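Notes for the one structure printed next.
Start at 1 and go down the list; that is how both ligands and their atoms are numbered. One is the number of the first residue; the rest follow in order along the sequence. Worth saying up front: this structure is predicted, and the values here are computed from it rather than measured.
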Amino acid sequence: MTLTVIGAGYVGLVTAAVFSQLGNKVYCVDIDQKRVQDLKIGKIPFFEPSLADYVKRNIKAKRLFFTTSYKESVPKSKVVFICVGTPPKNNGEADLSYLFAAVEETAKNLTTYTLITIKSTIPIGFEDDLEEVARKHAKSKFEFASSPEFLREGTAIEDTLHPDRIVIGTDSKKAQKILLELHAPISGNRIITDIRSAQLIKYASNALLATKVSFANDIANLCEKMGADVEKVLEGVGQDKRIGRSFLYPGVGYGGSCLPKDVLAFISIGQFFDYDLTLLRAVDAINEKQILRFITKIRKALGADEEKRKNLEGKKLAVLGLAFKPNTDDIRESPSIKIIKHLLDLKAQITAYDPQAMENTKKILPDINYTKDAYGALNGKDALILITEWPQFRELDLDRIKKILKAPIIIDGRNMFDINRVRQLGFKYVGIGR
Ligand SMILES: NC(=O)c1ccc[n+]([C@@H]2O[C@H](COP(=O)([O-])OP(=O)(O)OC[C@H]3O[C@@H](n4cnc5c(N)ncnc54)[C@H](O)[C@@H]3O)[C@@H](O)[C@H]2O)c1
């Protein structure tokens, strides 16, 4: 099948790479000229394991093409996947300007029946407006479907090839048949439903994941007051098969380009339909507070006077982890960036290290120090602050860390270090909920 994928971001590029690998001819369109130029020579705009191999292999096999031109790609395609960003506006609603522009441009270039399939996460209700825009500009037949994306950055290729489920949202039998055929080589259960239910599956899934994180953090905070160990508590809770341990981990809160924005957008959608998603407002509030609680921990661990605003003046702190989670260089809504901004506000000096996300961070935090490795960041510092749980941080030599830190203090935002071992070694250790 010949396909067009609009948007060469995390979702679009992975979708294009995987469908071309499965034997389809895929055009990937982006408005960012530099991005398209780079992609044509196999240069990937972000870090995602295995993606570069897939892209290069399929460019070489002449199954994957990059362009800025809708005209070059849309008329040849049976399916157009819309994968542009839907970032949050200041009021929490999703910014749909990229989406409307992409649908309008697609519609203008239709020459034969085409199935426009939305993979971007879009607020329920807007599909009617999108269809109206398409109808206004299209000179040929088209249909709309929604097939929300559930990939996780860091394991995006694997998730796209082996998803838990593929959601196909359309009432049209013809459209269902096309999407089922296209997805035939991909494993996972098929859920066929109407467009609105498909979009609701996406929002409800992300909302529940965020709820699990905030629930874990709420329990962790209670554990601190009660003197209980949240790791044992959640291990015990998560072993109940009805509940499961996934996403039930305490920390500095959820971040990234999806959960924070989708929770806020879902609350707005609820309001639009005159329904108050009370639970999600609490989930968001707990998440916001978790960062502030972590800042308080850092101040206390360093003996700083909580009353004084600039009370970390003169403190040199090492931050390990900038990406919103391991195995990505994505720093959108990263808790680490928020925490560093708070610490800078309190006049601390920050040296940071991340295996992949330093280049992106330098664009928004040019004035903090960056080092080539974790040990370089820790040398001579007043504390180690761990924020992103990259697996390689688990392997760090704690004896060496003890020697090179100015003060043996670890503030662990992910409960990554072995509490008994670090305390045995004489570190002052502060974790979450233990
Ligand atoms: N990133 C994830 O992990 C993830 C997972 C599931 C769902 N989603 C959803 O998928 C959507 C895309 O997310 P993303 O992270 O891939 O976004 P992204 O910001 O990484 O990429 C979006 C791309 O679209 C391009 N673009 C914008 N307007 C365009 C237009 N009119 N025509 C062509 N290209 C255009 C941009 O230049 C950019 O390259 C969002 O709705 C997001 O919520 C993301």
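The line from CG of Asn415 to CD1 of Ile432 is 6.0 Å long, rounded to the nearest 0.5 Å. For the atom pair SG (Cys258) and CZ (Phe324), the distance works out to 7.0 Å, reported to the nearest 0.5 Å. Here the straight-line distance linking atom CG of Leu384 with atom CG of Asp412 works out to 8.5 Å at 0.5 Å rounding.
Checked against a 3.5 angstrom limit, the closest N/O atoms of Thr86 and ligand 1 fall inside it. Distances between N or O atoms of Lys119 and those of ligand 1 include no value under 3.5 Å. Residue-to-ligand polar distances place Glu153 within reach of ligand 1: an N/O pair is separated by less than 3.5 Å.
A cation-pi arrangement is found for Lys119 relative to Phe81, the charged atom lying closer than 6.0 Å to the ring centre and inside a 45° cone about the ring normal. Cation-pi geometry between Lys40 and Phe65 is not satisfied (NZ or CZ under 6.0 Å from the ring centre, within 45° of the ring normal).
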Lys34 vs Asp38, salt bridge (Lys or Arg N to Asp or Glu O under 4.0 Å): CA-CA, chis, key distance, verdict
CA-CA 6 Å; Lys34 163 96 176 59; Asp38 285 349; 2.7 Å; yes
Residues Arg196, Asp128; criterion salt bridge (Lys or Arg N to Asp or Glu O under 4.0 Å); working and verdict
CA-CA 10 Å; Arg196 280 197 175 187; Asp128 296 341; 3.7 Å; yes
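The shortest contact between atom 30 (C) of ligand 1 and any protein heavy atom is with Tyr70 OH, 3.5 Å. Atom 9 (C) of ligand 1 has as its closest protein heavy atom Thr121 OG1, 3.5 Å. When only non-hydrogen protein atoms are considered, atom 6 (C) of ligand 1 lies nearest to Glu149 O, 3.3 Å. At the top of the distance list for atom 25 (C) of ligand 1, counting protein heavy atoms only, stands Asp30 OD2, 3.2 Å. What sits closest to atom 13 (O) of ligand 1 on the protein, heavy atoms only, is Val11 CG2, 4.1 Å. Of the protein's non-hydrogen atoms, Cys258 SG, 3.3 Å is the one closest to atom 4 (C) of ligand 1. Counting protein heavy atoms only, atom 24 (O) of ligand 1 is closest to Gly7 CA, 3.5 Å.
Within a 6.0 Å sphere centred on CZ of Phe215, other residues, nucleotides and ligands contribute 12 heavy atoms or fewer. Around the CZ atom of Phe126, the shell of radius 6.0 Å holds no more than 12 heavy atoms that belong to other residues, nucleotides or ligands.
Residue Tyr10 approaches ligand 1 through these ligand atoms, each under 4.0 Å from one of its heavy atoms: 1 (N), 15 (O), 16 (O), 20 (O). Set against the non-hydrogen atoms of Lys261, the atoms of ligand 1 under 4.0 Å away are 42 (C), 43 (O). The Leu151 neighbourhood of ligand 1 comprises atoms 3 (O), 5 (C), with distances under 4.0 Å to a heavy atom of that residue. For ligand 1, the atoms lying closer than 4.0 Å to a non-hydrogen atom of Ser257 are 1 (N). Short contacts between ligand 1 and Lys202, defined as distances under 4.0 Å to a heavy atom of the residue, involve ligand atoms 6 (C), 7 (C). Within ligand 1, the atoms closer than 4.0 Å to a non-hydrogen atom of Ile6 are 32 (N), 33 (C), numbered from 1 in the order shown. Atoms of ligand 1 lying under 4.0 Å from at least one heavy atom of Arg332, given by number and element, are 15 (O), 17 (O), 18 (P), 19 (O), 20 (O). Below 4.0 Å from some heavy atom of Arg35 lie the following atoms of ligand 1, by number and element: 39 (O).
Between Asp194 and Ser197, the side chains place a donor N or O and an acceptor N or O closer than 3.5 Å (distance only, hydrogens not considered).
Across Cys83, Ala102, Gly85, Gly9, heavy-atom proximity to atom 21 (O) of ligand 1 is greatest for Gly9. In the candidate list Leu39, Ile31, Asp95, Ile31 is nearest to atom 28 (N) of ligand 1, counting heavy atoms. Across the listed options Thr15, Leu13, Thr106, Val84, Val84 owns the non-hydrogen atom lying nearest to atom 26 (N) of ligand 1.
If you run side chain to side chain donor-acceptor pair (under 3.5 Å) between Ser77 and each of Thr4, Asn109, Asn24, Thr106, only Thr4 comes through.
Of the possible donor and acceptor atoms, one in the side chain of Asn287 sits under 3.5 Å from a partner among the backbone N and O of Tyr254.
Ligand 1 does not have Phe46 within reach: every non-hydrogen atom of the residue lies 4.0 Å or more from it. Taking 4.0 Å as the cut-off, Arg152 does not count as a neighbour of ligand 1 on heavy-atom distance.
One finds a salt bridge joining Glu359 and Lys362 here, because a Lys/Arg side-chain nitrogen approaches an Asp/Glu carboxylate oxygen to under 4.0 Å. Under the 4.0 Å criterion applied to side-chain N and carboxylate O atoms, Glu389 and Lys325 are not assigned as salt-bridge partners.
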